[in-house]
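The structure under discussion appears below in the form of structure tokens.
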Amino acid sequence: MSGITLIGCGFVADLYMRSLTTFPDVKVLGAYDHDSERMATFCAHWDIPQIASLDGVFDAQPKDGVILNLTNPTSHYEINMACLNAGHHVWSEKPLAMTMEDARAVCALASSKGLMMASAPCSVLGQAAQTLARAVKDKVPGEAQLIYAELDDGYIPQAPLEAWRSESGAPWPYVDEFRVGCTLEHAGYYLSWLIGMFGSVRSVTAASATVIPDKLGVTDAAPDFSTATLFFDNGPVARLTCSIAAPHDHQIRVIGDKGVLKLDKAWDNGAAVKFHKRMRIRRRLLESPIGRKIPAAGAAHPKVGRWGAASMNFALGPVEMLRAIARGEDSRLAGDYALHLNEVTLAIQNAGDDTGAQQMTTGCEPMRPMEWG
Ligand SMILES: NC(=O)c1ccc[n+]([C@@H]2O[C@H](COP(=O)([O-])OP(=O)(O)OC[C@H]3O[C@@H](n4cnc5c(N)ncnc54)[C@H](O)[C@@H]3O)[C@@H](O)[C@H]2O)c1
């Protein structure tokens, strides 16, 4: 397989490098970051060449390889455009771009140049997501009717964020994370699975809000909570929740008329998918508390150990692209799929508060307590 270069040597770049070690036939040709000190530390840690400029990346990178754009979200558009204009296939960290106008421009440029433009997350290619998708396709819970997916991370502003470091020592960029917001950062982890299983979302009814007013002094933070109801063109209805306030909960439940398919860990490629059969026992209706584990279809991809909150192989996406390029096929994660994922994510992120919602015309006071209340 051809090689890759990295742009951006921060926190996530270490997760990619650790993941890439599981694909020894993929050569990492070098890395560039406009923060030269960070680049030097990162490249020394991984023993890869430093590249002095963006043009240097374009020169070093073969055209049948992939450039990984691992910069901060506000740089994604500019870097994606520059790489495509230089004639390279690009894997971008999420989101593809911060506005739909920019995302459309990126995808149009890629298409006009016959290049692939794909974006994270790639956990949809992992064993857990693929096992869930197969069980849904095989109608293990019956026809999928309703899906509840949660991406609540816990009350993050009170976590020991200053102590969170990547393998080569990059600090977890919490200021940037708060400004970009948990929806743009995380909704994709289940949206990608849902769109992968059911295709297009027809419409989104969503709201987003700031519920934690002070996030370590970051005054221009994005919403820290969102909830969305997704209506699929040819599929079920799904509810997706993101927050950095509610207790950690990363489960997804696919509900059908035979029972519930469930998985607890969105960020673990090896997470167990279990089927909880629905049954009647005398006068009760319940789903079996002990789930039946759905086995993986065959030999799975290489796994990586846990770092921080995730045990995901971040190289699955770039490697899938490299294989597609070598075979002359389309990448599963590029083109229309990437653009649609970006659109649905932005629709949730930008849904805003309840000003556009149906306003109530009646009202009442909170209830006075009972004697024991
Ligand atoms: N931090 C995580 O746990 C995590 C996990 C998954 C995905 N991501 C995604 O990865 C991306 C990067 O996040 P991060 O946590 O690594 O951030 P980071 O701030 O730690 O690293 C980003 C790096 O990109 C560099 N950079 C920014 N703009 C650049 C430009 N125009 N040219 C060259 N270098 C540039 C910065 O100097 C920095 O070193 C984001 O899109 C984020 O959503 C982060």
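Every number for a ligand or one of its atoms is a count from 1 in the order of the listing. Just so we're clear, the structure is a prediction, and the values are computed from it rather than from any experiment. Index from 1, following the sequence.
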Self-check item: Cationic N near anionic O, under 4.0 Å, Lys262 to Asp264
Solution: yes
Is any side-chain N of the basic residue among Arg323 and Glu329 closer than 4.0 Å to the acidic one's carboxylate O?
no
The answer, listing residues by chain and number that come under 4.0 Å of ligand 1 through any heavy atom, is Gly8, Gly10, Phe11, Val12, Tyr32, Asp33, His34, Asp35, Arg38, Leu70, Thr71, Asn72, Pro73, Ser75, His76, Glu78, Ile79, Glu93, Lys94, Trp172, Pro173, Glu177, Glu185, Tyr189, Phe314
Next item on the list: Would you kindly check if the NZ (Lys) or CZ (Arg) of Arg253 is within the cone defined by 45 degrees around the ring axis of Tyr148 and under 6.0 Å from the six-membered ring centre?
Entry: no
For this session: Would you check if Trp46 and Glu167 make a side-chain contact, meaning some heavy-atom pair closer than 4.5 Å?
Result: yes
d(Phe23 CZ, His301 NE2) to nearest 0.5 Å is 8.0 Å
*Do other residues, nucleotides or ligands put more than 12 heavy atoms under 6.0 Å from Glu37 CD?*
no
